[in-house]
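The structure appears right after this line, and notes come after that.
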2 protein chains.
Amino acid sequence: MRSPKFSPLYRQIRDLLLDSLQAGEWRPGQPIPSEMELADRFHVSQGTVRKAIDALAADNLLVRRQGKGTFVATHGEPQVRFRFLRLTPDTGQPAAVERQLLDFRRTRAGTELARQLLIKAGDPAVMIKRVLIFAGDPVVVEEVWLPGHLFKGLTAASVTEHRGALYNLFETQFGTRMVRAEERIKAALADAPTAECLRVPLSHPLLLVERVSFSYADQPVEWRRGFYKTDCHFYRSELG
Amino acid sequence: MRSPKFSPLYRQIRDLLLDSLQAGEWRPGQPIPSEMELADRFHVSQGTVRKAIDALAADNLLVRRQGKGTFVATHGEPQVRFRFLRLTPDTGQPAAVERQLLDFRRTRAGTELARQLLIKAGDPAVMIKRVLIFAGDPVVVEEVWLPGHLFKGLTAASVTEHRGALYNLFETQFGTRMVRAEERIKAALADAPTAECLRVPLSHPLLLVERVSFSYADQPVEWRRGFYKTDCHFYRSELG
DNA sequence: GAGTGGTCTAGACCACTAG
DNA sequence: TAGTGGTCTAGACCACTCC
């Protein structure tokens, strides 16, 4: 039952499941086959399938629900949002967020964007600029850059009409699920347009947050750059 | 073999191991008993001990080394440091860090510190103020606050003489191992003394980073407050 | 070769969900 | 009641380290 590849069986099974996820064989929110079914399909024991699923569940790609099945994780569940929006009010109680679209543009990737998303300079790209408003207070202004070929039908209207996180829209309408992201944070001073957006004086201190988001197989599919007002909010980071 | 507590066996074993770690039965860097020994001690199968150890290894409390044994994790290994020091040079290559002690004081906890460390206002406390210098460039100035009763023999000399991370000193000299931490980040402007420390102009933008560190059993045992200069470095955060 | 952790299996039983 | 994931066991064998 050992395979030629020097890799434990459960890891090979995990990779096969990852392939199926990437290929869209099972959609976000939908159940994958039961452990016994998968064990039969791959000709391994249920325990080995279990270890493979454990690994994917640990990475938040799958969600187990006892008695019901194992499901493809989705950005629809509210608790997932706080994994990607690290800004918390000083008071502790997260308020509802309102999104206001400032700009939507189809353009071409510059060299910097091309480098971040592993595409070619001049390839089609989409730019979304928006403000996030917490309890009436504009707190974040950010630009979101996407590779155009993955988001062909995306329009300003679809962004404006969509309720909920952008990542929810991306996965339901375009089959692109953001799995993880890396952020780089610096301190910055508000320039004139940013200051106006966030209703702060010029040269007000802000966080400058840059994010690269990755889909399955560590494919970079989004680049963000935002200014965060931290007068009444803080950026939460857990070290372990 | 089921226990009266409504908790799976492997979790009970994990808690027992956690108790031993907290009690200092095995010191950082030392091996714990083999899986078979522990299985005999707790009257469970090796597989159950294995699951308990898996959980602790996932939380970075234990480190497995095939063929050698399972060891209590330590802050001595260099790769652990980057889990707690999230500042990275823009160039990518982390430089050696130099630490310069500015102040060392035994004092009493104020209400804010008492709240953070779950001690009483007026209890003994230790304050360490220092600068972190990367490749000759002062990048971080921070205050570290500790509960006095856990660090009775700590002196300015022991901090100055120690080579390596503070957490390394804490675990080797005082048996207190920092397991995880929570940080809150805001944007701030340099005041006069901070500007002088970091060699930046007044009102230069800085990150304000507050940290609470926890030992075993989520006991808070350290509070930090630091200013980070992000001209040539950035704060790294991973979302997933 | 002996001892350690790492993998894999087969089978039993428990806990939860749904029809 | 049937089907799912969750726990636990016992045993076999592999991979690595050290003597």
Side-chain angles (χ1 to χ4, degrees), chain A residues 1-18 20-21 25-27 29-74 77, chain B residues 1-18 20-21 25-27 29-74 77:
Chain A
M1 189 35 58
R2 291 237 163 243
S3 145
K5 275 187 278 186
F6 180 65
S7 170
L9 254 186
Y10 75 87
R11 187 185 303 270
Q12 299 176 43
I13 305 299
R14 185 205 63 174
D15 290 342
L16 290 172
L17 294 175
L18 207 43
S20 293
L21 285 169
E25 180 175 339
W26 314 301
R27 310 292 298 185
Q30 295 302 307
I32 71 171
S34 76
E35 295 180 352
M36 285 307 287
E37 269 183 87
L38 292 170
D40 289 346
R41 176 192 300 191
F42 297 127
H43 306 293
V44 298
S45 75
Q46 186 241 15
T48 299
V49 169
R50 189 167 183 76
K51 272 204 82 168
I53 292 180
D54 280 345
L56 294 171
D59 289 342
N60 297 119
L61 300 185
L62 297 176
V63 177
R64 295 173 169 289
R65 290 189 204 139
Q66 183 172 104
K68 299 172 79 170
T70 300
F71 298 77
V72 181
T74 166
E77 303 121 74
Chain B
M1 188 38 56
R2 291 231 166 249
S3 142
K5 276 186 277 184
F6 179 67
S7 171
L9 253 186
Y10 75 88
R11 186 185 303 272
Q12 298 174 44
I13 305 299
R14 186 205 62 176
D15 289 344
L16 290 171
L17 294 175
L18 206 45
S20 292
L21 285 169
E25 180 174 339
W26 312 301
R27 309 291 298 184
Q30 296 302 306
I32 70 171
S34 75
E35 296 180 351
M36 286 306 287
E37 270 183 87
L38 291 170
D40 289 346
R41 176 192 301 191
F42 297 128
H43 306 296
V44 297
S45 76
Q46 186 239 15
T48 299
V49 168
R50 190 166 182 76
K51 273 204 81 167
I53 292 178
D54 279 344
L56 294 170
D59 288 343
N60 297 119
L61 300 186
L62 297 176
V63 176
R64 297 173 168 290
R65 290 190 204 139
Q66 186 173 103
K68 299 172 81 171
T70 300
F71 299 76
V72 181
T74 165
E77 303 121 76

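Here is the naming used below: chain letters follow the sequence lines, and residue numbers restart at 1 for every chain.
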Q | Working for side-chain contact (heavy atoms from CB on, under 4.5 Å), residues Val44(B) and Leu38(B) | A | CA-CA 8 Å; Val44(B) 297; Leu38(B) 291 170; over 6 Å; no
Q.
I'd like to know if the side chain of Gln12(B) and the backbone of Ser7(B) have a donor-acceptor N/O pair within less than 3.5 Å.
A.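 Flag set: sc Gln12(B) to bb Ser7(B) pair under 3.5 Å.
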Q: Report the stems of DNA chain C as range-with-range entries sorted by first number; a stem here is at least three consecutive pairs, Watson-Crick or G-U wobble, both distances under 3.5 Å, and write none if there are none.
A: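 So the stems come out as C:1-18 with D:1-18.
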(Q) I'd like to know if Arg14(A) and Asp54(A) make a salt bridge, using a cut-off of under 4.0 Å between side-chain N and carboxylate O. (A)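 No, Arg14(A) and Asp54(A) are not salt-bridged.
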Q | Salt bridge Glu35(A)-Arg64(A), side-chain N to carboxylate O under 4.0 Å | A |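 Here Glu35(A) pairs with Arg64(A) in a salt bridge, since their nearest N and O are under 4.0 Å apart.
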Q: Check the pair Tyr10(B), Ile53(B) against side-chain contact (heavy atoms from CB on, under 4.5 Å), reporting the backbone distance first and the verdict last.
A: CA-CA 9 Å; Tyr10(B) 75 88; Ile53(B) 292 178; over 6 Å; no
What's the [atom1]-[atom2] distance between [X] and [N], to the nearest Å?
{"X": "His43(B)", "N": "dC8(D)", "atom1": "NE2", "atom2": "C1'", "result": "16 Å"}
{"X": "Arg14(A)", "N": "dT7(C)", "atom1": "CZ", "atom2": "C1'", "result": "15 Å"}
{"X": "Phe42(B)", "N": "dC8(D)", "atom1": "CZ", "atom2": "P", "result": "14 Å"}
{"X": "Leu62(B)", "N": "dG6(C)", "atom1": "CG", "atom2": "P", "result": "11 Å"}
{"X": "Tyr10(A)", "N": "dT9(C)", "atom1": "OH", "atom2": "P", "result": "13 Å"}

Could you go over nucleotides 3-5 of chain D and give all protein N or O partners under 3.5 Å, atom names and distances?
unit_1: dG3(D); atom_1: N2; unit_2: Gly67(A); atom_2: O; d: 3.0
unit_1: dT4(D); atom_1: O2; unit_2: Gly67(A); atom_2: N; d: 3.4
unit_1: dG5(D); atom_1: OP2; unit_2: Glu35(A); atom_2: N; d: 3.0

**Q.** Options dA10(C), dT9(D), dT7(C), nucleotide nearest the side-chain atoms of Leu9(B)
**A.**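 Output: dT9(D).
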Q.
Please confirm whether the shortest side-chain N or O distance from Thr48(A) to OP1 or OP2 of dT9(C) is below 4.0 Å.
A.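 So the side-chain polar atoms of Thr48(A) do come within 4.0 Å of the phosphate oxygens OP1 or OP2 of dT9(C), strictly under.
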Q: Check the pair Leu21(A) / Leu62(A) against side-chain contact (heavy atoms from CB on, under 4.5 Å), numbers first and verdict last.
A: CA-CA 10 Å; Leu21(A) 285 169; Leu62(A) 297 176; 4.2 Å; yes
Q.
Quick one, Leu61(A) with Leu18(A), criterion side-chain contact (heavy atoms from CB on, under 4.5 Å). Give me CA distance, side-chain angles, the key distance, then yes/no.
A. CA-CA 9 Å; Leu61(A) 300 185; Leu18(A) 207 43; 3.6 Å; yes
Q) Does Arg65(B) count as lying over the ring of Phe71(B), i.e. NZ or CZ under 6.0 Å from the six-ring centre, within 45 degrees of the axis? A)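 Positive - Arg65(B) is close enough to the ring of Phe71(B) and near enough to its axis.
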